[in-house]
Amino acid sequence: TISYHYSLKGDIENTDKYARKGIQFISKYISPQDLQIAELLNYKMLARRGFSSGLIRPEDMNEYLELAKTNYNLRKKIQGSAHQNTIEARRNLANIYIDLDQFNQGLDLIKENIELTNKTYGPNSPEKLEESINLVRVYRDKLNDLRNALPLALDNYERVINVFGENSIQ
């Protein structure tokens with residue numbers, strides 16, 4: 001879609017304009033499909049991230065939070081809690097909460113992702129490992145809580161060996 005192409009350029013104004021038009025079109029001419037709306041919200045979120053650093057610009061934090069909440073709720077509703085897209089949407093929402101210093105909300109979502117990836121993909125899956133690494137980063141980098149970070153990091157190291165082998169560069 002046009003909105004997607006503008007989102008790749010970081011053009012918020014045109015991304016929003018064409019995403020809004022896309023949502024209006026979907027709602028007016030065909031029955032609203034939440035999955036399509038969620039995809040358009042993803043484009044709006046993508047345009048708000050700084051492409052060089054992957055961080056959200058401070059002036060866009062609150063709007064990004066609302067987009068992330070809506071995207072997560074739509075994904076959960078239509079694709080279920082354990083779907084890969086929902087897990088990604090939950091991770092995005094958790095990370096924005098962490099960036100806004102709302103640590104309890106963010107940590108709860110990260111821990112939910114760890115539980116779901118463990119049940120869905122298994123304890124030594126790359127999916128669970130990715131979520132566990134995210135939790136370590138929050139404890140270490142955002143909370144400066146090495147007591148929680150270190151045991152998780154050691155556990156993650158063991159998982160990397162199990163998943164990728166001893167000679168892994170992960």
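Quick caveat: nothing in here was measured; it's all calculated off a predicted structure.
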Q. Atom CZ of R90 and atom CG of N73: how far apart are they, to the nearest 0.5 Å?
A. 10.5 Å

**Q.** Cluster overlap L135 with L129, hydrophobic side-chain contacts below 4.5 Å
**A.** no

(Q) Please say yes or no: joined through hydrophobic side-chain contacts below 4.5 Å, possibly via intermediate residues, are V136 and Y157 part of one cluster? (A) no

Q: Determine the minimum heavy-atom distance between R159 and N124, stating which atoms define it.
A: NH1-OD1, 3.5 Å

Q) Within a strict 4.5 Å, meaning less than it, do heavy atoms of the L109 and Q105 side chains meet? A) no

Q. Is there a donor-acceptor pair under 3.5 Å between the side chain of R140 and the backbone N or O of N148?
A. no

**Q.** Sub-4.5 Å side-chain heavy-atom contact between E127 and I87
**A.** no

(Q) How long is the straight-line distance from CG of L152 back to CD1 of I114, given to the nearest 0.5 Å? (A) 7.0 Å

Q. If you round to the nearest 0.5 Å, how far is CG of N104 from CD1 of I98?
A. 8.5 Å

Q.
I'd like to know if the side chain of T120 and the backbone of T117 have a donor-acceptor N/O pair within less than 3.5 Å.
A. no

(Q) When you compare the side chain of D99 with that of K142, does any pair of heavy atoms fall below 4.5 Å? (A) yes

(Q) side-chain contact (heavy atoms from CB on, under 4.5 Å), that's the test. Do L93 and L65 meet it? Break it down for me. (A) CA-CA 7 Å; L93 181 56; L65 175 62; 3.7 Å; yes

Q | Cluster link F103 to L100, ILVMFWY, side chain under 4.5 Å | A | no

Q.
Measuring from atom OG of S132 to atom CZ of R137, what distance do you get when rounded to the nearest 0.5 angstrom?
A. 11.5 Å

Q: Could you tell me the separation between the CD1 atom of I133 and the CD1 atom of I110, rounded to the nearest 0.5 Å?
A: 12.5 Å

Q: Answer yes or no: is there a side-chain heavy-atom contact under 4.5 Å between K69 and Y97?
A: yes

Q) Distance from N118 atom CG to E115 atom CD, nearest 0.5 Å? A) 8.5 Å

Q.
Tell me if the CD atom of Q102 is crowded by more than 12 foreign heavy atoms within 6.0 Å.
A. yes

Q: Work out which heavy atom in G106 is nearest to a heavy atom in A94; give both atom names and the distance.
A: O-CB, 3.5 Å

Q: Please determine, by modelled atom types, if R91 and N113 share a side-chain donor-acceptor pair under 3.5 angstrom.
A: no

Q) Mind checking whether N92 and I96 have side chains closer than 4.5 Å, heavy atoms only? A) no

Q.
Tell me if a side-chain donor or acceptor on T86 pairs with a main-chain N or O of S81 at a distance below 3.5 Å.
A. no

Q: Taking the side chain as every heavy atom from C-beta outward, state whether Y72 and E88 have any atom pair closer than 4.5 Å.
A: no

Q: Find out whether R75 and H83 are in side-chain contact, i.e. whether some heavy atom of one side chain is under 4.5 Å from a heavy atom of the other.
A: no

